[in-house]
Undergrad: 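Could you have a look at this structure, given as structure tokens, before my questions?
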Amino acid sequence: MKVKATLKQIAKELNVSVSTVSKALNDSPEISSQTKIKIKEYAKLKNYKPNIIGLNLKNRKTKTIGVIIPNILNSFFAKVFSGIEKVADEKGYNVITCISNESLVKEINTLEMLSNGTTDGFILSVSQEAQKLQDYSHFIDIINEGTPIVMFDRIADEVECDKVVVDDYDSALNVTQRLIDTGCKNIALISSVDDLSVGKLRTQGYLKALADNGIAVNENIILRTNSEEDMKKRIDAIFENNTIDGVFALDERDSVAALKVGIKKGYKIPEELSIIGFADGILASRRLTPSLSTVSQHGVEIGEVAAQLLIQRLEADEENELPYQTVIIKTNLKERESSRTKKKSISKK
């Protein structure tokens, strides 16, 4: 059985742009008859089956951007969406937002539905299930059909597209170093996002900081899991059975859970236990006592940059394809009441 070719593959083989292939297959008057014949014959040879709705889209811009986020409860994604909508509105674009609910199937279905004439391109953060299974073929298929994608936060290295990320590894290294500099020697790692790209990078940064300071890795105070439910079941044991004086939590839910358990176990925070978490959400900054020290990911800025990258690609000269970019947004540490700002003093007897 023949393998179906893609627009991108045909364009590469014939040394023309994806746009030229699309227009030729759709009988656009902009393309010469000779080029049309050449492209159509090659497409037939390679078993290409054109998607008529998708082809029409190349000549009829919708001025609409599709945004797919993994879940609606995470305030970080709400901030990113705010940035996307701001830039889209300034540039005259509408935004359609969908939730994948961390499901690979829903992510695939949403991409297929919105790419058939509804949107010009996508801004998205990869679902947990897609990252767990390392299944990114649906993104590659959409891009090959000529619809651009910009990934943010959770990305797939295997997919060639524009990306906007934060410096997860460096941020984690710096946060762990900050805990060490303020006197922490037994720093627990709490992660319910271990199967996500961001979780892996943050864990690597934590481990590098320990190694840089000659601190042995204690697996007994490292909790790495793939769900909030499992994290909550296991977190008590970290506090009950081990001596800890610091916590680095890799997600807002993880940091909130660590703070609550630490208080329940009788720790004085931050005098006896310093806690720093990723994601500067509403819970961390406003609704907890003591307030949580957090890594701010600048979600609004991520959204703005992602929208700018996509619109720039959509409005570029179709004959001169832009090189893909990966933009790294620097985070910053917001120190609040849950972490020490200086090394604790040792009382003399």
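Here the structure is a predicted model, which is why all the values come from computation and not from measurement.
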Undergrad: Pairing donors with acceptors under 3.5 angstrom, does anything connect the side chains of S100 and S127?
TA: no
Undergrad: So that I can tick it off, tell me whether R313 and D162 are bridged by a salt bridge, with the cut-off set at under 4.0 angstrom between side-chain N and carboxylate O.
TA: yes
Undergrad: Which pair of heavy atoms, one from E129 and one from L104, lies closest together, and at what distance?
TA: OE1-N, 2.8 Å
Undergrad: Have D135 and S137 got a donor and an acceptor in their side chains that come within less than 3.5 Å?
TA: yes
Undergrad: Please confirm whether K265 makes a cation-pi placement over F239, using NZ or CZ under 6.0 Å from the six-membered ring centre and within 45° of the ring normal.
TA: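 Because its charged atom misses either the 6.0 Å distance or the 45° angle limit, K265 does not stack over F239.
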Undergrad: Would E252 and N74 count as having a side-chain donor-acceptor pair, cut-off 3.5 Å?
TA: no
Undergrad: Between D251 and R253, is there a donor-acceptor pair closer than 3.5 Å when you use the side chain of the first and the backbone of the second?
TA: yes
Undergrad: Do the side-chain N and O atoms of E145 and S115 include a donor-acceptor pair separated by under 3.5 angstrom?
TA: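 No, no side-chain donor-acceptor pair sits under 3.5 Å.
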Undergrad: Go through it in stages, so that I can follow the logic: the residues are Q177 and N213, the test is side-chain hydrogen bond (donor to acceptor under 3.5 Å, both in side chains), and I'd like the CA-CA distance, side-chain angles, deciding distance and then a yes or no.
TA: CA-CA 8 Å; Q177 186 63 54; N213 290 272; 2.7 Å; yes
Undergrad: Looking at S192, is its backbone amide N or carbonyl O close enough to the side chain of D254 to form a donor-acceptor pair, meaning the two atoms are under 3.5 Å apart?
TA: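 Pair found, side chain donor or acceptor close to backbone of S192.
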Undergrad: Are L189 and I238 joined in one hydrophobic group, where the rule is that I, L, V, M, F, W and Y side chains link up if heavy atoms are under 4.5 Å apart?
TA: no
Undergrad: Any donor and acceptor pair, going by atom type alone, linking the side chain of D120 with main-chain N or O of K63 inside 3.5 Å?
TA: yes
Undergrad: Treating Ile, Leu, Val, Met, Phe, Trp and Tyr as nodes and any side-chain heavy-atom pair under 4.5 angstrom as an edge, say whether L173 and I328 lie in one connected cluster.
TA: no
Undergrad: Please determine whether residues L250 and L292 belong to a single hydrophobic cluster, defined as Ile, Leu, Val, Met, Phe, Trp and Tyr linked transitively by side-chain heavy-atom distances below 4.5 Å.
TA: no
Undergrad: Give a yes or no answer on whether the side chain of T331 reaches the backbone of S296 with a donor-acceptor pair at less than 3.5 Å.
TA: no
Undergrad: Does a side-chain N-to-carboxylate-O contact under 4.0 Å join E228 and K232?
TA: yes
Undergrad: List the residues meeting side-chain hydrogen bond (donor to acceptor under 3.5 Å, both in side chains) with S125, not counting sequence neighbours, and say none if there are none.
TA: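 Residues passing side-chain hydrogen bond (donor to acceptor under 3.5 Å, both in side chains) with S125: none at all.
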Undergrad: Only one of R202, R154, K330 forms a salt bridge (charged side-chain N to carboxylate O under 4.0 Å, His left out) with D168, so which one is it?
TA: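 Considering R202, R154, K330, a salt bridge (charged side-chain N to carboxylate O under 4.0 Å, His left out) with D168 is found only for R202.
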Undergrad: Work out which heavy atom in S171 is nearest to a heavy atom in F278; give both atom names and the distance.
TA: CB-CZ, 3.7 Å
Undergrad: Identify whether V327 and F77 are in the same connected component of the hydrophobic contact network (ILVMFWY, side-chain heavy atoms under 4.5 Å).
TA: yes
Undergrad: Output yes when a side-chain donor or acceptor of S28 lies under 3.5 Å from a complementary backbone atom of A24, and no otherwise.
TA: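 Here the side-chain-to-backbone pair does not exist.
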Undergrad: Does a sphere of radius 6.0 Å around CD in E160 hold more than 12 heavy atoms from other residues, nucleotides or ligands, not counting ones at 6.0 Å or beyond?
TA: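 Atom CD in E160 is not crowded, with 12 or fewer foreign heavy atoms closer than 6.0 Å.
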Undergrad: Grab the two heavy atoms, one from Q297 and one from I329, that are nearest each other, plus how far apart they are.
TA: O-CG2, 4.4 Å
Undergrad: Go through the side-chain N and O atoms of Q204 and Y206 and say whether any donor and acceptor fall under 3.5 Å apart.
TA: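 Looking only at side-chain atoms, Y206 and Q204 do not form any donor-acceptor pair under 3.5 Å.
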Undergrad: Do V193 and M231 belong together in a cluster built from hydrophobic side chains that touch within less than 4.5 Å?
TA: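 V193 and M231: separate clusters.
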Undergrad: Thinking salt bridges, do K79 and E301 make one under a 4.0 Å N-O criterion?
TA: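 Answer for the salt bridge query: no.
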Undergrad: For E304 and K86, what are the C-alpha separation, side-chain angles and deciding distance, and is it a salt bridge (Lys or Arg N to Asp or Glu O under 4.0 Å)?
TA: CA-CA 7 Å; E304 290 176 350; K86 176 178 178 291; 3.8 Å; yes
Undergrad: Check whether any side-chain N or O of T35 sits under 3.5 Å from a backbone N or O of I31 as a donor-acceptor pair, and report yes or no.
TA: no
Undergrad: Holding to side-chain hydrogen bond (donor to acceptor under 3.5 Å, both in side chains), I want the full list of residues that pass it with E219, two or more places apart in sequence or in another chain.
TA: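 Applying side-chain hydrogen bond (donor to acceptor under 3.5 Å, both in side chains) to E219 gives none.
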Undergrad: Looking at D236 and K260, is any side-chain nitrogen of the basic one under 4.0 Å from a carboxylate oxygen of the acidic one?
TA: no
Undergrad: Say whether, by atom type as modelled, one donor and one acceptor occur between the side chain of T110 and the main chain of K106 under 3.5 angstrom.
TA: yes
Undergrad: Counting distance only, does the side-chain N/O of D195 pair as donor-acceptor with the main-chain N or O of K132 below 3.5 Å?
TA: no
Undergrad: Between the side chain of S82 and the main-chain N/O of V300, is any donor-acceptor distance below 3.5 Å?
TA: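 No.
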Undergrad: For the pair D167 (side chain) and D170 (backbone), establish whether a donor and an acceptor sit closer than 3.5 Å, ignoring hydrogens and angles.
TA: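 Side chain of D167 to backbone of D170, a donor-acceptor pair under 3.5 Å: no, none is there.
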